[in-house]
Amino acid sequence: MEESLINSPEEMEALGASLAKELKGNEVICLKGELGAGKTTFVRGLARGLGIGEEYQVRSPTFTIVNEYPTQKGKLIHVDLYRVKDFDFSEFIGQGVVVVEWKEEREDCDIFIEIEVVRENVRRVLLFRRG
């Protein structure tokens, strides 16, 4: 387990960008945290680190459930389970980096990230890696 204390949205994006440099391009990353914890902010940084084009803006897929973005390392597939807890995202595994927000269990996740709100703009991030 890796633990970080994040003090701003910019630091959360930087954490995502930093993790992106370690990825091969076919991982499943799961994010757990309350509303406003910074999950989508983290994904925005991850997308930047993967080399997303400037013409794309990463947005929460709360209503669309899945957003896909092309990056220099392949597809970034952003899934949001907030409204649909039983959505089967397995069809996306292997097609790129899959990021799943609101995932409660660690199964199917290569990397599981829990974001805890400490106070305004301060987050405690726990990162667990499979294996």
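We count residues from 1, following the sequence as given. Side chains included, hydrogens not; waters and symmetry mates left out as well; all remaining heavy atoms used. If you're wondering where the values come from, they're calculated on a predicted model, not measured in any experiment.
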Fill in: Pairs satisfying salt bridge (Lys or Arg N to Asp or Glu O under 4.0 Å), at least one member in residues 25-35, at least two apart
Lys32-Glu104
Item to complete: Determine which pairs satisfy salt bridge (Lys or Arg N to Asp or Glu O under 4.0 Å) with at least one residue from residues 45-70, sequence neighbours left out, and list them in order.
Response: Glu13-Arg48, Glu68-Lys75
Response to the item:
Applying side chain to side chain contact (heavy atoms under 4.5 Å, CB included) to Pro9 and not counting sequence neighbours gives Thr41, Asn121
Practice prompt. Please collect all disulfide bond (SG atoms under 2.5 Å apart) contacts where either partner lies in residues 19-124, sequence neighbours excluded, each pair once.
Written response: Cys30-Cys109
Worksheet item: Considering all heavy atoms of both residues, which atom of Ser90 and which atom of Asp88 are nearest to each other, and what is their separation?
Response: OG-OD1, 2.7 Å
Worksheet item: Tracing side-chain links under 4.5 Å among I, L, V, M, F, W and Y, which residues wind up in one group with Val118?
Response: Leu5, Val122
Worksheet item: In the hydrophobic clustering (ILVMFWY, side-chain contacts below 4.5 Å, transitive), which residues join Leu81, or is it alone?
Response: Val28, Leu35, Ile65, Val66, Ile77, Val79, Tyr82, Val84, Phe87, Phe89, Phe92, Ile93, Val98, Val100, Trp102
Under the rule for side chain to side chain donor-acceptor pair (under 3.5 Å), what residues qualify as partners of [X], not counting sequence neighbours?
X	answer
Glu3	Arg124
Ser4	none
Thr40	Glu101
Lys103	Glu105

Worksheet item: Stepwise, does the side chain to side chain contact (heavy atoms under 4.5 Å, CB included) test hold for Ile115 with Met12?
Response: CA-CA 10 Å; Ile115 305 171; Met12 185 65 80; 3.9 Å; yes
Item to complete: Scan Val97, Leu46, Leu50 and name whichever one has a side chain to side chain contact (heavy atoms under 4.5 Å, CB included) with Thr71.
Response: Leu50
Worksheet item: Does Ala37 offer a backbone N or O that forms a donor-acceptor pair with the side chain of Arg123 under 3.5 Å?
Response: yes
Fill in: Straight-line distance of Phe42 CZ to Ile6 CD1, nearest 0.5 Å
9.5 Å
Which pairs would a plain distance check flag for residues 15-24, meaning a side-chain donor or acceptor within less than 3.5 Å of a matching protein atom at least two apart in sequence or in another chain?
residue, atom, partner, partner atom, Å
Glu22, OE1, Arg129, NH1, 3.0
Glu22, OE1, Arg129, NH2, 2.9

